[in-house]
Novice: 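Pasting a structure below so you can have a look.
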Amino acid sequence: MSTNFHIRAIKTDSEIHAIAALAEEIWNQHFTPIIGKSQVDYMVEKFQSYKALKHQIQMEGYEYFEILCDEELAGYTGVRQETESLFLSKLYIHQSFRGKHLATKTMNFLTALCKERGLKKIHLTCNKHNDNTLKVYDHLGFHITDSQVADIGNGFVMDDYILTYEITGR
């Protein structure tokens, strides 16, 4: 089975809607056992809904990319360029596409983007109890460099590790 992989920048409202729908499905499947349904619902609306994604793109400098596998929407990633680094806000792969090395291929894309822009590192936050994802990031070359607890409102917090990936061969 051949897998045709590519990443494409999100440009249209329909693409943003598709990402928001995928986010809701992924978050409910993956995060409900970790943080519970109430917090998932709150975080999807606050950070992953069409309205939230559109605002992040238009007002906060985020760029979103759809991850396509054989022309099917398999996942998405969202980043924001900072002074010397890239903040990897979101990298989610639908469960039916996991195990196809899409995260590795996406990291190759993001590393090339950093090199093109002269950025020195990629950093992200990951829930401290998201064990499988932490293993994936470790495999990709990220290192835990700090931790934080962030109040996100409505009685919820994000209890995260901060992970960093150093760009080499710039």
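Numbers here simply count residues along the sequence, with the first being 1. Computed over heavy atoms, backbone and side chain alike; hydrogens, waters and symmetry mates excluded.
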Novice: Would Leu163 end up clustered with Val136 when hydrophobic side chains under 4.5 Å apart are linked, directly or stepwise?
Specialist: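 Yes.
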
Novice: For Phe65 and Phe109, take the angle between the two ring planes, folded into 0 to 90°, and tell me which bin it lands in: parallel under 30, tilted 30 to 60, perpendicular over 60.
Specialist: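 Perpendicular.
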
Novice: Check whether any side-chain heavy atom of Lys100 sits under 4.5 Å from a side-chain heavy atom of Leu102, and report yes or no.
Specialist: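 Side-chain contact under 4.5 Å: yes.
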
Novice: Heavy-atom count check: over 12 atoms from other residues, nucleotides or ligands less than 6.0 Å from His101 NE2?
Specialist: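 Atom NE2 in His101 is not packed in, count stays at 12 or less.
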
Novice: Please state whether the rings of Tyr92 and Trp27 are parallel, tilted or perpendicular, taking 30° and 60° as the class boundaries.
Specialist: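 Geometry flag for Trp27 against Tyr92: perpendicular rings.
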
Novice: Taking all non-hydrogen atoms of both residues, which atom of Tyr76 and which atom of Ile67 are closest, and how far apart?
Specialist: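 Residues Tyr76 and Ile67, closest heavy atoms: N-CD1, 3.7 Å.
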
Novice: Counting only heavy atoms not in His55, do more than 12 fall under 6.0 Å of its NE2?
Specialist: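 Count over threshold, so yes.
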
Novice: How far apart are the closest heavy atoms of Leu53 and Gln48, and which atoms are they?
Specialist: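 Between these two residues, the closest heavy atoms are CD1-O, 3.5 Å.
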
Novice: Taking only residues two or more places apart in sequence or in another chain, which ones pass side-chain hydrogen bond (donor to acceptor under 3.5 Å, both in side chains) with Glu66?
Specialist: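 Listed in chain order: Arg8.
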
Novice: Looking at every non-hydrogen atom in both residues, tell me the closest pair between Asp13 and Lys54 and how far apart they are.
Specialist: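 So the two residues come closest at OD1-NZ, 2.5 Å.
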
Novice: Find out whether Tyr42 and Val44 are in side-chain contact, i.e. whether some heavy atom of one side chain is under 4.5 Å from a heavy atom of the other.
Specialist: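 A side-chain contact is absent here, since even the closest heavy-atom pair is not under 4.5 Å.
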
Novice: Around Glu45, counting heavy atoms of other residues, nucleotides and ligands shown, do more than 12 lie under 6.0 Å from its CD?
Specialist: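 Not buried by this count: 12 neighbours or fewer within 6.0 Å.
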
Novice: Rounded at 0.5 Å granularity, tell me how far OG1 in Thr12 sits from CD1 in Ile10.
Specialist: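 Interatomic distance, Thr12 OG1 to Ile10 CD1, rounded to 0.5 Å: 7.0 Å.
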
Novice: Got a sec, which residues hit side-chain hydrogen bond (donor to acceptor under 3.5 Å, both in side chains) with Arg117, two or more places apart in sequence or on another chain?
Specialist: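 Residues passing side-chain hydrogen bond (donor to acceptor under 3.5 Å, both in side chains) with Arg117: Glu63, Gln81.
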
Novice: Within this structure, what is the OG1-CD distance for the pair Thr32 and Gln39, rounded to the nearest 0.5 Å?
Specialist: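 Reported to 0.5 Å precision, the distance equals 10.5 Å.
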
Novice: Is a side-chain donor-acceptor pair under 3.5 Å present for Asn132 with His30?
Specialist: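 No, no side-chain donor-acceptor pair sits under 3.5 Å.
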
Novice: For Asp151, what residues pass the salt bridge (Lys or Arg N to Asp or Glu O under 4.0 Å) criterion, not counting sequence neighbours?
Specialist: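 Salt bridge (Lys or Arg N to Asp or Glu O under 4.0 Å) check on Asp151 returns nothing, list empty.
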
Novice: Enter the distance from Leu113:CG to Thr106:OG1 here, rounded to the nearest 0.5 Å.
Specialist: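 So the CG of Leu113 and the OG1 of Thr106 are separated by 12.0 Å.
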
Novice: Over all heavy atoms of both residues, which pair between Cys69 and Ala74 is shortest? Give the atoms and the distance, please.
Specialist: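 Closest approach of Cys69 to Ala74, heavy atoms only: CB-CB, 3.9 Å.
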
Novice: Counting heavy atoms not belonging to Glu15, are there more than 12 under 6.0 Å from its CD?
Specialist: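 Counting neighbours around CD of Glu15, more than 12 heavy atoms of other residues, nucleotides or ligands fall under 6.0 Å, so yes.
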
Novice: Can you tell me how far the CG atom of Leu88 sits from the CG atom of Leu124, to the nearest 0.5 Å?
Specialist: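 Going from the CG atom of Leu88 to the CG atom of Leu124 covers 5.0 Å.
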
Novice: Please find the pair of heavy atoms, one from Leu134 and one from Asn127, that lie closest to each other, and give the distance.
Specialist: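 Nearest heavy atoms, Leu134 then Asn127: CD1-O, 3.8 Å.
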
Novice: Kindly say whether the aromatic ring centers of His123 and Phe87 come within a distance under 6.0 Å.
Specialist: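 Yes, the ring of His123 comes within the 6.0 Å limit of the ring of Phe87, centre to centre.
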
Novice: Answer with yes or no whether the hydrophobic clustering places Leu91 together with Leu86; edges join I, L, V, M, F, W, Y residues whose side-chain heavy atoms lie under 4.5 Å apart.
Specialist: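 Yes, same cluster.
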
Novice: May I ask you to check if Lys90 and Tyr62 form a cation-pi contact, with NZ or CZ under 6.0 angstrom from the six-membered ring centre and within 45° of the axis?
Specialist: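 Relative to the ring axis of Tyr62, which defines the angle, Lys90 lies inside both limits.
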
Novice: Please say whether more than 12 non-hydrogen atoms of neighbouring residues, nucleotides or ligands are located less than 6.0 Å from NE2 in His6.
Specialist: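 Counting other residues, nucleotides and ligands, NE2 of His6 exceeds 12 neighbours.
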
Novice: Please report the shortest heavy-atom distance between Glu25 and His94, naming the atom on each side.
Specialist: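 Of all heavy-atom pairs spanning Glu25 and His94, the closest is OE2-NE2, 2.6 Å.
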
Novice: If you measure only the distance, is there a donor-acceptor pair under 3.5 Å linking the side chains of Gln56 and Tyr64?
Specialist: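 Yes - a donor-acceptor pair under 3.5 Å links their side chains.
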
Novice: Hydrophobic cluster membership, with links at side-chain heavy-atom distances under 4.5 Å among I/L/V/M/F/W/Y: are Phe97 and Leu140 in one?
Specialist: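 Yes; Leu140 is reachable from Phe97 via cluster members.
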
Novice: Strictly below 4.0 Å, N to O, side chains only: are Lys37 and Asp41 in salt-bridge contact?
Specialist: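 A salt bridge is present here (some side-chain N lies under 4.0 Å from a carboxylate O).
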
Novice: Distance from Ile34 atom CD1 to Asp131 atom CG, nearest 0.5 Å?
Specialist: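 Separation between the atoms: 7.5 Å.
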
Novice: With ring centroids as reference points, do Tyr161 and Tyr137 lie under 6.0 angstrom apart?
Specialist: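 Centroid separation for Tyr161 and Tyr137: 6.0 Å or greater.
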
